[in-house]
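Note: hydrogens, waters and symmetry copies are ignored here, and every other heavy atom, side chains too, is used.
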2 protein chains.
Amino acid sequence: MNQEQPGPARRGHGNRKPAATIYDIARHLGLSPSTVSRALNKPGRVNAKTEQRIREAAAALNYRTNPMARALPTGRTNTLGLILTDITNPVYFTLVRGAERVAAAAGYTLVIAESQESGELEAESAERLLQSVDGLVLVASRLDDASIGALAERKPLVLINRVVDGVPGVVPDVVPGIRDALDHLAVLGHTSLAYLSGPSVSWMSRVRWETLLDEAPRRGMTIVEIGPGAPTLDGGQEGFRRVRASGVSAVVAYNDLMAIGLLRACRCAGVDVPSQLSIVGFDDIFGSDFTSPPITTIRTPLDLAGEEAVHQIVAALSEGDVPEPRRVSAQFVRRESTAAPGRPLVV
Amino acid sequence: MNQEQPGPARRGHGNRKPAATIYDIARHLGLSPSTVSRALNKPGRVNAKTEQRIREAAAALNYRTNPMARALPTGRTNTLGLILTDITNPVYFTLVRGAERVAAAAGYTLVIAESQESGELEAESAERLLQSVDGLVLVASRLDDASIGALAERKPLVLINRVVDGVPGVVPDVVPGIRDALDHLAVLGHTSLAYLSGPSVSWMSRVRWETLLDEAPRRGMTIVEIGPGAPTLDGGQEGFRRVRASGVSAVVAYNDLMAIGLLRACRCAGVDVPSQLSIVGFDDIFGSDFTSPPITTIRTPLDLAGEEAVHQIVAALSEGDVPEPRRVSAQFVRRESTAAPGRPLVV
DNA sequence: GCCGTTTTGCCAACCGGTTGCCATTCCGGG
DNA sequence: CCCGGAATGGCAACCGGTTGGCAAAACGGC
């Protein structure tokens with residue numbers, strides 16, 4: 001008679017049919033919902049024969065467990081959050097990919113959010129995500145140490161490219177890469193360098209600068225910091241005038257994006273790279289090997305960092321043991337944007 | 001006495017303090033949870049004075065509404081899903097960014113999943129996401145029409161770069177861009193073209209090919225299809241031998257990635273671009289303007305497509321009216337990988 | 001046939017919100 | 001002073017799972 005299926009009020013919009021629940025299966029089979037739940041999740045808890053019937057009914061009804069309904073009593077969402085400063089920054093491609101793979105393998109869904117380089121937006125995203133997530137990965141966080149500590153107290157949290165006392169983090173060791181890069185520049189005959197620095201709130205930019213500041217003088221080279229600037233093509237381009245004015249023969253940029261931006265500005269201004277200015281980038285992003293000339297860079301293996309961070313969270317979530325963080329370190333990649341200094345830049 | 005807070009079992013791992021609930025606020029104020037709920041969500045439903053007290057208590061306890069608990073009775077998660085073939089493909093950067101911005105503006109969280117060019121994985125992701133999401137955006141879906149139709153019946157769904165009858169979709173109109181590109185090549189004097197095609201399951205690749213097949217002869221040019229190939233640098237590189245063997249003077253690649261791959265292969269083989277071979281790409285991805293030479297390409301405004309798709313879903317979710325899809329069309333971008341044909345490619 | 005143990009399934013409470021409906025209070029008007 | 005209606009807050013059911021505890025059933029040994 002009720003060919004129109006008057007039934008209970010439809011959920012959602014339009015007239016879509018509601019998803020099957022364990023109650024549907026139970027009713028169908030004359031069992032209790034709790035039995036269905038156990039059959040599906042506690043292997044061996046119910047009779048094998050019954051379990052088989054339940055599984056078949058579930059398949060027939062195309063049943064999927066409702067993640068929210070499960071999360072409510074268990075407190076586990078099987079979801080991990082990843083917050084980064086800028087989705088469109090190529091540095092993070094491989095990081096996201098690595099994190100995604102490991103998360104998926106461990107049965108977690110990864111939710112990606114973007115803070116657009118703003119600490120405020122980041123705090124907001126973190127706050128929102130924290131509710132619906134089992135753990136959080138913060139990449140190059142712009143938050144202050146205290147805020148990060150507070151977040152870490154609420155849910156398992158791992159940092160990437162940032163170190164905060166008492167909070168687990170994975171950060172590639174830049175020292176080997178920087179040493180090799182400086183050796184390379186020294187051998188070529190460079191004696192005056194500049195560091196084109198990134199955002200002032202970037203912990204990573206400071207680390208790179210401090211390392212350069214430490215290592216350059218040991219090789220008899222002078223070094224100055226130029227910046228801070230936005231970690232983008234534009235940021236690099238904007239640094240050009242100051243680089244030129246500084247009279248240095250080689251520049252290490254905070255990242256490849258800035259290096260490429262600087263490279264462009266040089267080309268526009270008729271400054272030849274590498275004969276008039278050597279440029280070294282950071283990260284080895286997609287695209288840095290098909291600029292002209294290809295960018296010499298210091299590769300930070302962020303795919304590994306992404307994998308490792310998620311590994312740590314998953315481990316913290318399952319047992320609580322310390323899984324001995326794998327060490328990842330940066331690696332110098334020689335390409336063609338560096339050469340022996342020729343004519344001085346300022347004529 | 002209970003200075004150790006024996007209380008109910010802690011949720012989650014470690015000894016993190018549980019989040020405040022509306023019950024905490026209610027108890028604190030001697031009110032009912034339902035009053036708290038209404039005070040926070042139904043403006044005007046409770047006495048302004050009471051509402052004020054509740055808001056203050058909520059702030060003091062740092063209360064955040066639990067999204068899962070809310071989603072359960074309402075069926076609304078305030079989450080949108082976005083499934084694409086390959087996160088690391090630069091084409092999608094701006095698309096993701098655009099979608100994210102619109103989603104955030106409308107109060108939705110965007111969950112991004114990757115299908116790795118596999119229809120099976122895509123189906124699985126879609127199935128999993130569908131439970132916890134209010135709507136879904138499928139980018140360049142590898143699923144067959146029937147599966148897509150089935151998904152669309154369960155939740156609001158919008159396609160990007162794919163057309164399926166009865167399912168809303170946004171796909172940039174490539175015709176204007178292709179016409180301009182062909183005009184450009186014709187004026188330069190090219191008479192024989194090749195299309196380096198993408199994956200055979202890519203609807204978009206077929207559309208581009210059909211359009212070329214239609215338009216090239218009208219301009220007195222011959223055209224052949226070479227492929228299919230992977231839509232990656234490698235895919236482009238692998239097409240090189242066949243392009244060379246075909247003897248054409250200009251190639252239109254399925255996308256910029258393949259164009260760049262082909263460009264590299266040319267350089268390796270000592271074939272000069274553009275004097276010996278003209279190359280046109282698609283999409284205008286990050287990086288296509290700093291290759292050497294910069295790639296002439298047909299830009300598909302995927303940021304707009306991403307925005308538009310999310311707009312449509314949000315509209316479907318809020319009212320159900322048809323928001324008159326905004327038309328987005330591809331645009332020819334002339335750079336330096338195209339020139340008049342010089343010496344024939346095969347000597 | 002009896003008893004103890006194990007297996008198997010169900011009851012009911014709970015997670016943290018939302019919401020229909022009802023009871024009470026408050027208000028002004030007649 | 002009485003009445004009707006609006007304003008306000010509470011009760012209880014519900015969303016769809018999970019889980020501790022228990023009772024019934026099955027089983028096995030003597």
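Distance CZ (A:Arg76) to C1' (D:dG17): 16 Å, rounded to an integer number of Å. The interatomic distance linking B:Asn66 (CG) with D:dG16 (P) rounds to 16 Å, in whole Å. Remark: P of C:dG16 and CE of B:Met68 are 10 Å apart, rounded to the nearest angstrom. B:Arg70 has its CZ atom 22 Å from the P atom of D:dC14, to the nearest Å. Taking atom CG of residue A:Leu72 and atom P of nucleotide C:dA13, one finds them 17 Å apart after rounding to whole Å. The interatomic distance linking A:Asn41 (CG) with C:dT8 (P) rounds to 17 Å, in whole Å. Taking atom CD1 on B:Ile25 and atom P on D:dG9, their separation rounds to 15 Å, with Å as the unit. When rounded to the nearest whole Å, the span between CD1 of B:Ile22 and C1' of D:dC11 equals 14 Å.
At a threshold of 4.0 angstrom between heavy atoms, the contacts of B:Lys42 are confined to the sugar-phosphate backbone, with no base atom among them. B:Thr21 comes within contact range of the sugar-phosphate backbone alone, with a heavy-atom separation under 4.0 Å but no base atom that close.
Under 4.0 angstrom from either OP1 or OP2 of C:dG17 there lies at least one side-chain N or O belonging to B:Tyr63. Under 4.0 angstrom from either OP1 or OP2 of C:dC10 there lies at least one side-chain N or O belonging to A:Thr35. Between A:Ser37 and D:dT18 there is a side-chain N or O to OP1 or OP2 distance below 4.0 Å. Taking side-chain N and O atoms only, A:Ser34 has no distance below 4.0 Å to OP1 or OP2 of C:dG9.
Taking for each of B:Ala69 and B:Asn47 the nucleotide of DNA chain D with the nearest heavy atom, the 5'-most of the two is the partner of B:Asn47.
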Requested in this report: Start with the C-alpha gap between B:Asn41 and B:Arg70, add the side-chain angles, then the distance that decides, and say whether side-chain hydrogen bond (donor to acceptor under 3.5 Å, both in side chains) holds.
Outcome: CA-CA 11 Å; B:Asn41 305 306; B:Arg70 168 174 289 172; 3.0 Å; yes
**Report entry** Worked verdict on B:Arg142 versus B:Ser115 for side-chain hydrogen bond (donor to acceptor under 3.5 Å, both in side chains)
**Finding:** CA-CA 9 Å; B:Arg142 303 312 195 209; B:Ser115 69; over 6 Å; no
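Considering only the side chain of B:Ser32, D:dG10 comes nearest among D:dT18, C:dG16, D:dG10. Of the candidates C:dC10, D:dG17, D:dG10, D:dG10 carries the atom nearest the B:Arg45 side chain, counting heavy atoms from C-beta on.
In terms of modelled atom types and a separation under 3.5 Å, the side chain of A:Ser125 and the main chain of A:Leu121 share a donor-acceptor contact.
With hydrogens and angles left out, the side chain of A:Arg38 and the base of D:dG20 share a donor-acceptor pair within 3.5 Å.
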